[in-house]
Every structure is written in C-alpha cells, then in structure tokens.
Amino acid sequence: MKKAALHNLGCKVNAYETEAMEELLKKDGFTIVGFDESADVYVINTCSVTNIADRKSRQMIHKCKKLNPDACVVAAGCYVQNFGKDIADELGADIILGNNKKNELVAKVHEFFEKRDSLEGPILECVDINDGNVAYENMIIEKDSEHTRAFVKVQDGCNQFCSYCIIPFARGRIRSRDIDDVIKEVTGLAQAGYKEVVVTGIHLSSYGNGKDYDLADLLEAVHKIDGIERIRMGSLEPQIVTEDFAKRVSALEKMCPHFHLSLQSGCDTVLKRMNRKYTIEEYTKGVNILRKYFSNPAITTDIIVGFPGETEEEFNETVAYVDEIAFAELHVFAYSKRAGTKAANMPNQIINAVKKERSAKLIEAGNIQTKAYRQNHIGQELDILFEEEAQIDGENYFVGFSKEYIKCAIKSNGESLSNVILKAKAVSITKDNEYLIVEI
C-alpha cells in the first residue's frame with residue numbers, strides 16, 4: 001500500500017483544502033503518514049502571502065526530495081499559482097497544481113507514476129485564475145471526528161486588491177459555494193460527531209455576491225442542522241456588519257459571539273494607502289452594532305505596523321484607536337514587502353528597527369486588553385466546548401474554548417471531556433493569563 005504525507009502552509013482555507021486532498025488520497029487507498037516519514041507521495045499546499053511564505057514553500061519541496069528521492073512531490077496552492085509556470089523546472093516538484101486544480105490530485109499522481117520514465121519535466125496544471133470565469137472548486141470533507149471543530153470552506157477569491165496583498169492574484173475573483181453543497185458537508189460533519197463548525201473563506205464577507213443569497217442566509221441554513229451546536233465565522237470585513245446582518249445573526253442561538261473584524265490600521269490615511277475600503281468611522285460603527293446585538297462579544301482583529309510611509313503620528317493614531325475599541329485579542333504583524341504588490345514600490349519604506357519597536361508597543365497594548373477581556377468574565381457562566389487534557393502548573397486539566405473563544409480549563413477528575421459542551425463558572429485566571437479556570 002502506497003504512503004502519502006501532506007504539509008500545509010498558510011491560512012485556514014489552505015488547511016481545509018489540505019484535509020480535502022488528504023481524503024482524496026485516502027479514498028484512493030493511500031496510507032497517510034507523518035511528513036517527516038518516508039512516503040511515496042508528498043503534498044505541500046503552499047502559501048504566498050509574504051516572501052517568507054514563498055521561501056518556506058520552496059524549502060518544504062526540497063525537503064521532500066531529501067526524505068525520499070524517488071517520491072512523487074506535489075506542490076499545490078498559492079505560491080505555485082503565482083509563479084509555477086516561471087519556476088517549474090527549477091522548483092523540484094514533480095506535479096504542480098495551481099488553485100482550482102487540487103481536485104485533480106489523485107489523477108495527476110497516477111499519471112506521474114505511469115509516465116515518469118518518459119516525462120521531460122513536471123506535470124503542470126495551472127489555470128488563469130484571474131480571467132473572471134473560473135468556477136468555485138468544490139472540495140468536500142467527510143472526516144472522522146479527531147477534533148471538536150471543523151473548518152468549512154464556503155468561498156474563494158478576492159476582489160479587494162489591497163495594496164500590500166498578493167492573494168487576489170493567487171486566488172482569483174470572488175466565487176461562492178452553493179448553499180446546498182455546504183449543508184450536505186456540514187450535515188455529514190455533524191453525523192461524524194463534530195459539534196462546532198467554522199465557516200471560512202478567502203473573503204468571507206463577499207459570500208453569495210451576485211447570487212440570490214448571502215452570508216446571513218448561509219448561517220441560518222447551517223443553524224438548522226441537527227448535531228451542530230456552535231457556529232463560528234472566519235475573518236470578516238467591517239462593511240458587512242449592518243443592523244440587518246447583526247439582527248439576523250444574533251437571533252441564531254448557536255452563533256458564537258466572536259467576530260474577527262479586519263482592521264489593519266487605526267489611521268484613515270494609512271487605510272487609504274492600503275486601499276482598504278472603509279474608514280475608521282465605518283469600522284467603529286460596525287463594532288458598535290455588534291455590541292448592540294451581542295452581550296460583550298469577543299471582537300478580535302489584525303493590524304499591520306510599519307506600512308510604507310507610516311509616520312509616528314499615524315502609528316500613534318492606531319495605538320489610540322486600539323485603546324478606544326478595546327479588542328478581545330490583537331494580532332500584530334510588521335509590514336513585509338511583497339513583490340508584485342503596489343506597496344512594495346511605495347516610497348518611504350520603514351526600517352526594520354522601527355517596525356520592531358512599533359510591533360512591541362502594540363503587542364503589549366493588545367496583551368493588556370486580552371487580559372482585561374478575560375478577567376471581565378470571571379464570575380460568569382460560560383458555554384465551553386472541551387477538547388483535550390493539558391497540564392497547568394503541574395496539575396491535570398481539561399481545556400477548551402468558550403463561545404467567545406476564551407481558553408478555559410477545568411480540573412480533570414479522570415473522565416474524558418473531549419468534545420463535551422458544559423456550562424461552567426469562571427472563578428480565576430492563570431498566572432500567564434492564558435486560561436480562565438472554571439468550575440461546575
């Protein structure tokens with residue numbers, strides 16, 4: 001029996017697609033092994049969000065050939081979609097699958113083994129992802145329940161063209177998965193034992209664009225599925241948060257009050273250079289609407305510091321805005337120049353020392369806010385989906401996440417709580433502020 005190993009680089013959408021490709025290989029009779037083991041087929045789902053991601057993708061491809069020089073090495077995803085045709089011969093992969101071609105994995109692996117002695121180069125399958133006519137590539141996961149939550153990809157592509165981002169070129173234009181296909185997959189996941197699903201996409205807020213349904217319609221449909229007890233969303237754009245959207249979503253009992261609302265900068269002039277499609281005033285309006293319809297929701301975000309031309313005054317505006325909003329969690333990234341984007345050629349690039357200093361300042365502010373948000377829940381009853389055992393300060397606990405995506409821990413009594421949802425009262429917080437300690 002042939003063995004296959006897979007490695008994922010990048011986002012939650014990539015992770016979903018990697019799992020889908022793993023299932024394709026399993027159905028074809030492959031045994032899945034660890035990526036550090038000898039395998040007949042290695043699949044690397046590449047990322048291209050930064051130059052560093054490109055380099056990691058190349059490194060993983062070369063690593064496979066060292067593990068087994070006779071193996072079939074498959075490079076899939078965003079990096080090879082962007083550059084595959086230009087670097088096919090030097091990349092070292094035997095099969096190159098761009099985006100929207102991952103469903104062809106098994107067929108191309110068989111083609112490679114049948115023709116390998118006569119092939120003069122890698123098998124290259126990359127469509128023009130940006131011609132506007134590429135359909136949604138439907139990939140379905142029917143996995144056994146090894147985890148408590150399942151990511152479900154419902155959308156692909158992006159039309160935003162932020163000045164720092166290469167992803168619209170790698171993923172193409174926005175396209176959505178039919179609601180019926182999503183419901184079929186989620187129903188199967190519920191039957192496999194999953195209790196929580198995370199609805200995700202490259203630009204999730206655009207789901208249903210051009211069709212007669214939208215993201216709220218999808219969430220309402222998923223909410224009706226028996227067995228699914230919690231629904232969470234991936235990253236959202238602030239423009240989607242309207243009174244109507246929040247009212248409809250807040251009516252869904254299974255909906256988790258956790259919203260990752262993309263910010264990137266707390267300064268309007270920087271947002272304009274980034275080609276973001278909203279202002280700070282519009283972002284604040286979205287936050288206020290969420291807090292109107294949900295009780296103390298977890299609002300998390302991403303921020304890029306050191307964007308080209310960012311002055312000290314502009315950075316300080318971001319710091320002040322972060323203090324004003326009071327996020328539940330802050331993900332801070334130093335700007336990384338990405339070849340092929342407009343921002344890479346912008347004047348006044350910020351030196352690394354300044355980016356490092358600004359990152360540290362904002363990370364510290366974010367850590368203070370995260371601690372405050374978690375402490376604010378002490379004394380409250382939380383709805384927790386437990387996942388696994390862990391040791392905290394030398395004692396055994398079962399840990400999991402509340403609906404607000406707060407890490408929680410309860411002392412273990414020897415009974416497994418994996419994939420169990422319990423209501424428990426938060427009584428304290430650990431010294432490192434990572435977990436709320438809860439009791440029933």
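Index from 1, following the sequence. Since the model is a prediction, treat every value here as computed from it, not as a measurement.
Using a cutoff of 4.0 Å between basic side-chain nitrogens and carboxylate oxygens, Glu387 and Arg149 are scored as salt-bridged. Comment: Asp217 engages Arg248 in a salt bridge, judged by a side-chain N to carboxylate O separation of less than 4.0 angstrom. Lys431 and Asp393 are not joined by a salt bridge, as no carboxylate oxygen comes within less than 4.0 angstrom of a charged side-chain nitrogen.
Within a 6.0 Å radius of NZ in Lys277, more than 12 heavy atoms belonging to other residues, nucleotides or ligands are found. When the shell of 6.0 Å around CD of Glu357 is examined, it contains 12 or fewer heavy atoms from other residues, nucleotides or ligands. Heavy atoms of other residues, nucleotides or ligands lying less than 6.0 angstrom from CD of Gln391 number more than 12.
Of all heavy-atom pairs spanning Lys108 and Ile95, the tightest one is O-CD1, 3.4 Å. Heavy-atom minimum distance, Asn130 versus Gly172: OD1-CA, 3.5 Å. For the pair Ala190 and Ile225, the tightest heavy-atom approach, listed with the atom from each and the gap, is CB-CG2, 4.3 Å. Here the closest heavy-atom approach between residue Ile174 and residue Cys158 is recorded as CG2-CA, 3.7 Å. Heavy atoms only, all atoms of each residue included: Cys162 and Arg276 are closest at SG-NH1, 3.2 Å. Closest of all the heavy-atom pairs between Cys267 and Thr318 is N-OG1, 3.8 Å.
Annotation: side chain of Ile392 is not in contact with side chain of Glu434 (no heavy-atom distance under 4.5 Å). Looking at heavy atoms from C-beta onward, Ile406 lies in side-chain contact with Tyr373 at the 4.5 angstrom threshold. With contacts defined as side-chain heavy-atom distances shorter than 4.5 Å, the pair Tyr164/Gln264 qualifies. Inter-residue side-chain proximity for Arg58 and Leu91 is flagged as met; some heavy-atom pair is nearer than 4.5 Å. Residues Phe245 and Ile289 form no side-chain contact, since every pair of their non-hydrogen atoms from C-beta on lies 4.5 Å or further apart. Inter-residue side-chain proximity for Glu317 and Ile280 is flagged as unmet; no heavy-atom pair is nearer than 4.5 Å. Looking at Pro122 and Asp89, their side chains come closer than 4.5 Å, going by heavy atoms from C-beta outward. In this structure the side chain of Lys211 never reaches within 4.5 angstrom of the side chain of Ile179, judged on heavy atoms.
Between the Gln81 side chain and the Asn99 main chain, a donor and an acceptor come within less than 3.5 Å of each other. At distances below 3.5 Å, at least one donor-acceptor pair connects side-chain atoms of Thr370 with backbone N or O atoms of Ala328. Formation of a donor-acceptor pair under 3.5 Å by the Gln155 side chain with backbone atoms of Ile202 is found in this model. In terms of modelled atom types and a separation under 3.5 Å, the side chain of Asn316 and the main chain of Glu312 share a donor-acceptor contact. A donor-acceptor pair under 3.5 Å links the side-chain atoms of Lys195 to the main chain of Asn419, judged by distance alone. Proximity of a side-chain donor or acceptor of Ser205 to a complementary backbone N or O of Glu237 within less than 3.5 Å is detected. No side-chain donor-acceptor contact under 3.5 Å links Arg232 to the backbone of Glu404. Put simply, the side chain of Gln349 gets close to the backbone of Ala343: a donor and an acceptor are under 3.5 Å apart. Counting only distance, with no hydrogens or angles, the side chain of Ser402 and the backbone of Ile384 share no donor-acceptor pair below 3.5 Å. At least one donor-acceptor pair under 3.5 Å links the side chain of Lys254 to the backbone N or O of Ile228.
To the nearest 0.5 Å, the span separating CZ on Phe315 from CD1 on Ile350 amounts to 11.0 Å. Note: Leu261 CG to Ser235 OG = 7.5 Å, rounded to the nearest 0.5 Å. Note that NE2 of His258 is 10.0 Å distant from CD1 of Ile299, once rounded to the nearest 0.5 Å. If you take CG on Leu215 and CG on Leu236, they are separated by 6.5 Å, rounding to the nearest 0.5 Å. Lys425 NZ to Leu436 CG: the interatomic distance, rounded to the nearest 0.5 Å, is 13.0 Å. Taken from OG1 in Thr50 to CD1 in Ile166, the straight-line distance is 11.0 Å, to the nearest 0.5 Å.
Taking the six-membered ring wherever Trp is involved, the centroid distance between the rings of Phe259 and Phe294 falls below 6.0 Å.
Considering only residues two or more places apart in sequence or on other chains, Glu22 meets the side chain to side chain contact (heavy atoms under 4.5 Å, CB included) condition with Leu6, Lys26, Ile32. Under the rule for a side chain to side chain contact (heavy atoms under 4.5 Å, CB included), the partners of Lys371 that lie at least two apart in sequence or sit in another chain are Gln375, Asn433. Residues satisfying the side chain to side chain contact (heavy atoms under 4.5 Å, CB included) criterion with Ala5, sequence neighbours excluded, are Val33, Phe35, Ala39, Tyr42. In this structure Tyr207 satisfies the ring-ring contact (aromatic ring centres under 6.0 Å, His included) test together with Tyr213, sequence neighbours excluded. Listed by chain and residue number, nothing satisfies the ring-ring contact (aromatic ring centres under 6.0 Å, His included) test with Phe398 (two or more places apart in sequence, or in another chain).
No donor-acceptor contact under 3.5 angstrom links the side chains of Lys342 and Asn275, judged on distance only. Donor-acceptor pairing under 3.5 Å is lacking for the side chains of Thr242 and Asp244. The closest side-chain donor-acceptor pair between Thr279 and Glu281, if any, does not fall under 3.5 angstrom.
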Apply the test side chain to side chain contact (heavy atoms under 4.5 Å, CB included) to residues Glu253 and His223: give CA-CA distance (whole Å), side-chain angles for both, the deciding distance (0.1 Å), then the verdict.
-> CA-CA 8 Å; Glu253 185 182 344; His223 190 268; 4.0 Å; yes
Could you walk me through whether Asp94 and Lys65 pass the salt bridge (Lys or Arg N to Asp or Glu O under 4.0 Å) test, one step at a time?
-> CA-CA 10 Å; Asp94 300 300; Lys65 283 299 185 184; 2.9 Å; yes
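For residues 331-340, the pairs satisfying side chain to side chain donor-acceptor pair (under 3.5 Å) are Ser48-Arg338, Asn51-Arg338, Asp54-Arg338, with sequence neighbours left out.
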